Amino acid sequence: MAIIRVALDVPVDCLFDYLAPDASITDIGLRVCVPFGKRRTLGIILSVCTDTSVPGNKLKQAERIYRDIPPLPPALLELFKFCNRYYHHPIGQVVMNSIPNRLRQFKLTIDQPSRAFAWVITDKGRLLDATDIPARSRAKRLLLTTLQDNGQIPPEAFKQMSAHNRKLLREFLALDWVTQMPLVPGLPTAQTEPPSPTPEQNAAIAAILADTGMFAPWLLHGITGSGKTEVYLRVTAALLKQQRQVLLLVPEINLTPQLEARFKQRFPETAVVSLHSGLNDNERLQGWLLAQQGKAGIVLGTRLAVFTPLPELGLIVVDEEQDLSFKQQDGLRYSARDLAIYRAKQAGVPIILGSATPSLESYQHALAGHYRLLRLHSRAVSGATLPVIRCIDLRLTKAPEGLTEPLLTALQTALSQQQQSLVFINRRGYAPVLLCKSCGWVAACTRCSSRLVVHLHARQLRCHYCGHQQTVPAACPECGDPDILPFGQGTQRIEAALRSHFPAARILRVDRDSIRRKHAWQSVLDAVQNQQVDILVGTQLLAKGHDFPNLSLVCILNADASLYSTDFRAEEQLFAQLMQVAGRAGRADIPGTVLIQTEFPHHPLYQALSRQNYDSHARTLLRERQLTHFPPFAYQAVLRAEAIVIDSALAFLGKAAKIATACEQFGQIQLFDPVPAPMMRLKGRERAQLLVHAHSRKHLQEFLFDWQQRLHTLAAQKKVRWHLDIDPLML
DNA sequence: GGCGGCGAACTG
DNA sequence: AGTTCGCCGCCC
């Protein structure tokens with residue numbers, strides 16, 4: 001009698017054994033329905049064997065093994081086991097949360113994707129006068145004019161339309177204004193000749209293609225506009241020719257519709273599957289199955305796509321590899337970039353990490369020779385020049401409402417020349433740190449590369465990494481100025497201020513909230529593209545890679561907040577973000593200008609930025625990290641606890657720290673004090689964290705393994721929820 | 001995570 | 001006595 005070992009979606013790190021008379025070794029990776037307590041549930045068979053340590057009276061029989069779709073491939077199961085070990089997350093939850101929702105249901109119906117057809121306007125519809133439609137039927141009128149202008153609505157666009165618009169379209173069909181036409185493959189994609197690569201691009205492509213049959217990690221460091229995408233495309237083309245599959249990971253797919261379009265257009269013969277959070281369960285399953293069957297030549301997706309089964313995997317690309325969104329922030333806290341490396345190694349294929357500003361982790365790997373470094377120094381579009389970057393010294397120039405005179409003048413000039421501007425508000429990394437306005441001194445921790453946080457109630461400065469505390473000094477210890485203040489300025493009124501300064505300008509604000517609505521981001525891009533916007537105001541989002549061809553001016557406000565953030569990675573992130581946002585300016589034939597309002601124009605970051613010198617700045621930061629023993633020269637994990645009141649979270653972490661002393665490898669790791677975490681938007685609950693450092697990943701892992709088991713048995717954790725975060729990014 | 005067991009506390 | 005609520009341990 002065979003025994004199957006099954007992964008179930010329960011927060012207990014073990015497999016559950018069941019009797020399965022008809023099971024064989026070929027059933028590993030299949031879905032199975034099993035009785036579990038009072039319920040039935042669906043799991044994945046991870047192994048098949050003949051004996052078990054579970055007492056016979058407890059052993060139940062599996063109800064049914066599903067053979068409707070092929071089993072998950074062994075490589076994927078290996079990846080799950082690695083996640084389980086490395087991230088210390090229950091195996092069942094790793095497995096069940098990484099497969100499409102639909103595969104977790106008992107009943108699996110695979111409906112074929114509906115045949116794609118476009119809604120094409122008829123002659124009758126073309127001759128209609130849109131103004132005959134009553135003005136109050138705005139949507140109707142708009143739909144008709146759109147059809148008259150574009151001639152058709154392709155299936156992708158139809159999918160994205162609101163229910164109301166779809167209803168209208170069916171009305172039009174009944175009126176014979178439109179007709180449904182089957183989509184002719186390749187018809188709507190106007191084939192334009194791909195640009196011929198620059199010598200630099202050619203060198204990169206050749207280097208990668210010289211070694212495609214083995215694991216080879218490449219760091220493709222290319223400045224904004226240098227044409228990294230073209231390198232991806234060319235290498236992809238070569239691997240598609242070898243019948244291999246390509247996995248392309250991007251930070252947020254809905255923010256980069258151009259990339260998807262470019263791949264689809266370049267490879268009209270290839271099935272391009274895109275996987276992201278915007279899909280419904282059916283679409284997700286559809287794409288996943290195409291990938292699993294090897295039919296999808298290209299899989300393009302966000303971090304979760306790293307778990308896609310790819311039998312013919314031949315290449316992985318991680319675009320904007322430094323982007324924080326590759327790290328999952330709840331549940332299984334994985335880094336899709338790091339898992340991509342694991343997969344490439346496992347499959348013996350090349351992986352390209354692309355970035356204009358690589359993460360210090362990847363850059364250090366390249367410097368150490370673990371990764372192979374490729375550089376693109378020049379912009380791909382001939383004639384396109386790098387923007388001029390200038391600082392406006394806030395100590396010398398007044399900034400009423402946050403906007404200085406030179407900045408307003410520059411905006412006015414751009415307006416009068418009908419060129420677009422971008423006003424970038426940096427909100428990240430704001431925390432009350434203590435700052436001296438006259439000399440720029442900041443209260444810093446002596447033990448960490450972090451800044452101390454002001455706790456006004458307690459009249460104390462605290463380090464959020466190691467727990468060090470001291471009283472707030474009466475005056476600046478550097479220059480004696482008593483005027484030292486918690487740092488930070490309001491950003492809410494910037495948009496209003498801009499409106500009052502430029503009443504005639506068309507100003508568009510872009511932030512998380514304003515693009516939450518589906519496809520709102522696309523309409524923003526369109527509005528900018530169609531010159532319906534003069535000034536874009538927004539946050540991090542605007543730094544992501546888009547072509548805004550008529551953008552000539554980028555203004556950066558209150559960047560300093562990040563500079564003195566308590567997060568030791570904030571400066572790295574700020575630099576990356578500013579390099580990106582600066583790259584928005586002057587991409588085509590318009591020379592760009594970047595203005596930065598800062599109190600610290602001589603800060604090395606702005607100096608490096610104005611020279612557009614990633615390397616020297618990265619090396620400076622790396623030296624700092626090395627001196628303070630921070631990543632990438634140390635490995636971190638953080639134990640987080642959350643409770644209704646901070647004290648119970650801290651008390652739990654205190655106990656955790658106490659039992660840590662008895663754990664394996666305690667001598668090889670460094671435990672910081674439990675500290676309150678920077679406030680997260682978790683309603684009502686308060687969080688605290690305990691940071692663990694180690695110089696060896698192996699020692700850290702061995703310690704964590706032991707520690708985590710003891711934490712489970714730590715009884716008095718009532719109302720305290722806790723989790724481990726390995727390689728945490730935001731502390 | 002979901003469910004049942006169990007004791008404490010509450011009810012009229 | 002009957003009921004409800006919150007904690008706790010198990011699920012193969």
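The analysis underlying the following values was restricted to heavy atoms, covering all of them including side chains, and did not include hydrogens, waters or symmetry mates. All values derive from a computational prediction rather than experimental measurement. Chain A is the first sequence line, chain B the second, and so forth, proteins listed ahead of strands; every chain is numbered from 1.
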Got more than 12 heavy atoms from elsewhere within 6.0 Å of CZ, A:F106?
yes
Could A:R31 and A:Y66 be counted as a cation-pi pair, given that NZ or CZ must be under 6.0 Å from the ring centre and within 45° of the axis?
yes
Knowing that exactly one of A:F307, A:Y86, A:Y87 qualifies, which makes a ring pair (Phe, Tyr, Trp, His ring centres under 6.0 Å) with A:Y334?
A:F307
How many Å lie between [atom1] on [X] and [atom2] on [N], as a whole number?
X      : N      : atom1 : atom2 : value
A:D9   : B:dG1  : CG    : P     : 9 Å
A:K58  : C:dC11 : NZ    : P     : 3 Å
A:H89  : B:dG1  : NE2   : C1'   : 12 Å
A:I91  : B:dG1  : CD1   : C1'   : 17 Å
A:H723 : B:dG1  : NE2   : P     : 13 Å
A:Q93  : B:dG2  : CD    : P     : 11 Å
A:L8   : C:dC12 : CG    : C1'   : 8 Å
A:R721 : B:dG1  : CZ    : P     : 6 Å

For a quick check of understanding: with a heavy-atom distance under 4.0 Å over all strands, which category does [X] fall into, base, sugar-phosphate or nothing?
X     : value
A:F36 : base
A:V34 : nothing
A:P35 : sugar-phosphate

Nearest to the side chain of [X], which nucleotide is it out of [options]?
X     : options               : result
A:L59 : B:dC3, C:dC11, C:dC12 : C:dC12
A:R39 : B:dG2, C:dC12, B:dG4  : B:dG2
A:K38 : B:dG1, B:dG4, C:dC12  : B:dG4

Over all heavy atoms of both residues, which pair between A:M730 and A:R640 is shortest? Give the atoms and the distance, please.
O-NH2, 3.3 Å
Salt bridge present between A:D323 and A:R303 (N-O < 4.0 angstrom):
no
